[in-house]
Amino acid sequence: MRRFLNRTQPPHIVTLVLMAGLAALSLNIFLPSLPGMAVYYGVEYHFMQLSVSAYLAVSALLQLLVGPISDRFGRRRVALVVLGLFLVATLGTLFAPTAEVFLVFRLVQAVVAVNFVISRAVVRDMVPANEAASMIGYVTMGMSLVPMIGPVIGGALDEAFGWRANFTLLAVLGVAVTALVWADLGETTRAGGVGFAEQLRSYPELLRSQRFWGYSLSAAFASGLFFAYLGGAPFVGTTVYGLSPSQLGYYFALPALGYALGNFASGRFASRMGIDRMVLAGTLAATAALLVAVTANLLGVGHPLMFFSMVGVTGFGNGLALPSANAGMMSVRPELAGTASGLGATLTVGGGAALSAVSGALLGPDTGALPLILLMLASSLASVGAIAWVFRRRRQLGV
């Protein structure tokens with residue numbers, strides 16, 4: 001039986017939730033402050049926005065690298081180093097004299113994003129694939145609340161104390177999470193880790209695995225539809241539907257709520273249904289919702305509630321599918337769970353960034369919401385195709 005705050009045993013699920021939640025909060029808590037920060041530093045808004053887009057790009061690269069490193073040196077050691085770097089970088093953002101210096105420290109802050117990879121790898125170290133899907137579902141359910149409340153907290157802190165209050169809160173929470181990880185995160189990799197030479201010998205088998213690519217691509221395309229939404233929804237909400245910023249904020253909560261509910265359902269049912277059927281159910285639910293949205297748009301039903309509620313259903317579908325897809329990609333070679341998790345995360349973030357840029361390019365004053373919905377639908381259909389590939393491969397192998 002695991003005991004909380006015992007670093008000789010695997011961690012409590014609360015520790016994993018807070019590790020991943022700190023990474024999510026670091027991404028979005030200061031978004032309401034960006035215009036004011038641009039004024040403070042005397043730079044254009046698009047320069048300050050690099051603290052989001054460049055942050056995502058750096059985090060994608062780091063997530064690719066951290067998997068093999070944590071497989072070799074262990075989850076605990078790497079997590080503590082990452083949190084230490086995050087604390088130093090956060091102090092740098094607080095005292096940065098120029099926008100350029102702020103951006104440098106902000107990019108170093110992106111190191112905390114690798115906690116997504118580490119927390120998933122820890123889960124896969126602890127339990128078999130189907131149980132891992134359930135546990136990952138509960139972890140992501142807990143952290144999915146952050147995108148809903150992060151900007152609200154950030155906006156309130158900015159209004160009351162100025163933009164630096166957001167980074168002060170990140171520093172305080174960073175210290176608390178570091179202390180928790182030190183006290184509770186016992187090492188879960190096998191003694192000594194997996195050496196880099198052994199990893200390199202195992203890579204060809206991992207990369208040749210059709211199941212690995214099926215799970216990874218299904219996760220990437222399922223996440224991709226949401227990144228496309230993030231790139232286009234602000235334009236659709238304000239220009240197409242005429243929503244105010246506050247109204248748009250309320251509608252933006254629907255996908256996060258759907259995702260949390262899907263994560264809860266995944267936690268309850270993944271171990272019984274199996275990871276493949278959970279991924280298929282989730283991707284089909286998301287695709288069906290987008291087909292409804294396309295049909296409604298073509299019929300002239302242009303109410304924002306229709307658009308955002310259907311995106312909320314896609315969030316539910318992703319909440320069902322992604323924990324199992326992530327558990328599946330790490331189950332191909334369990335001893336390389338960190339490597340598989342990192343590569344999958346890089347595909348997801350990198351592909352999502354590309355789809356976000358495409359969605360922005362497709363939309364214009366006269367396009368309406370249809371181009372965005374069709375792009376999201378294409379991504380969702382690709383996620384269904386990827387998991388169908390896994391089913392086909394299992395039938396071929398007779399497993």
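Note that the structure is a prediction, hence the values are computed from the model and not measured. No hydrogens, no waters, no symmetry mates; every other heavy atom, side chains included, goes into these values. This chain uses plain numbering: 1 for the first residue, then up along the sequence.
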From [X] atom [atom1] to [Y] atom [atom2], the distance as rounded to the nearest 0.5 Å:
X	Y	atom1	atom2	value
Leu185	Leu80	CG	CG	7.0 Å
Met329	Arg211	CE	CZ	12.0 Å
Leu62	Phe116	CG	CZ	12.5 Å
Arg77	Phe73	CZ	CZ	7.0 Å
Ser223	Asn318	OG	CG	6.0 Å
Met19	Arg75	CE	CZ	10.5 Å

Non-hydrogen side-chain atoms of [X] and [Y] separated by less than 4.5 Å:
X	Y	value
Phe221	Ser380	no
Trp389	Leu217	yes
Ile373	Phe307	yes
Asp276	Tyr215	yes
Leu18	Leu180	yes
Phe47	Leu103	yes
Val313	Leu254	no
Tyr41	Phe102	yes

Set of side chain to side chain donor-acceptor pair (under 3.5 Å) partners for [X], sequence neighbours left out:
X	value
Asp158	Ser33
Ser379	none
Thr15	Asp184
Arg164	Tyr40

Determine the minimum heavy-atom distance between [X] and [Y], stating which atoms define it.
X	Y	answer
Gly154	Asn166	CA-OD1, 3.1 Å
Met278	Ala265	CE-O, 4.3 Å
Ala286	Leu225	CB-CD2, 4.4 Å
Gln109	Tyr55	C-CE1, 4.0 Å
Val43	Ala99	CG1-CB, 3.8 Å
Ala325	Val279	N-CG2, 3.4 Å

Any donor-acceptor pair under 3.5 Å linking the side chain of [X] with the backbone of [Y]?
X	Y	answer
Glu187	Arg76	yes
Ser309	Leu305	yes
Asn115	Ala23	no
Arg393	Ala388	no
Thr314	Val311	yes
Ser218	Gly214	no
Thr90	Leu170	no
Ser216	Trp213	no
Ser26	Leu22	no

Under 4.5 Å between side-chain heavy atoms, hopping through other hydrophobics if needed: is there a path connecting [X] to [Y]?
X	Y	answer
Val88	Leu83	no
Met306	Leu290	no
Met37	Phe161	yes
Leu85	Trp182	yes
Val82	Val108	no

Which other residues belong to the hydrophobic cluster containing Phe105, where Ile, Leu, Val, Met, Phe, Trp and Tyr are joined when side-chain heavy atoms lie under 4.5 Å apart, directly or via other members?
-> Val101
Under the ring pair (Phe, Tyr, Trp, His ring centres under 6.0 Å) rule, what pairs show up with a residue in residues 16-39, not counting sequence neighbours?
-> Phe30-Phe167
Go through Val58 and Leu61 one step at a time and tell me if the side-chain contact (heavy atoms from CB on, under 4.5 Å) criterion holds.
-> CA-CA 5 Å; Val58 171; Leu61 176 61; 5.8 Å; no
Decide side-chain contact (heavy atoms from CB on, under 4.5 Å) for Tyr259 and Leu322; before the verdict, give the C-alpha distance in whole Å, the side-chain angles of both, and the deciding distance to 0.1 Å.
-> CA-CA 10 Å; Tyr259 188 65; Leu322 290 177; 3.9 Å; yes
Above 12 or not: heavy atoms from other molecules or residues under 6.0 Å from CD of Glu100?
-> yes
Check whether more than 12 heavy atoms from other residues, nucleotides or ligands sit under 6.0 Å from atom CZ of Phe391, and answer yes or no.
-> yes
Going through the distances and angles, do Phe308 and Tyr229 end up as a side-chain contact (heavy atoms from CB on, under 4.5 Å)?
-> CA-CA 10 Å; Phe308 286 100; Tyr229 162 79; 3.4 Å; yes
Can Thr295 and Val292 be said to form a side-chain contact (heavy atoms from CB on, under 4.5 Å), step by step?
-> CA-CA 5 Å; Thr295 302; Val292 171; 5.7 Å; no
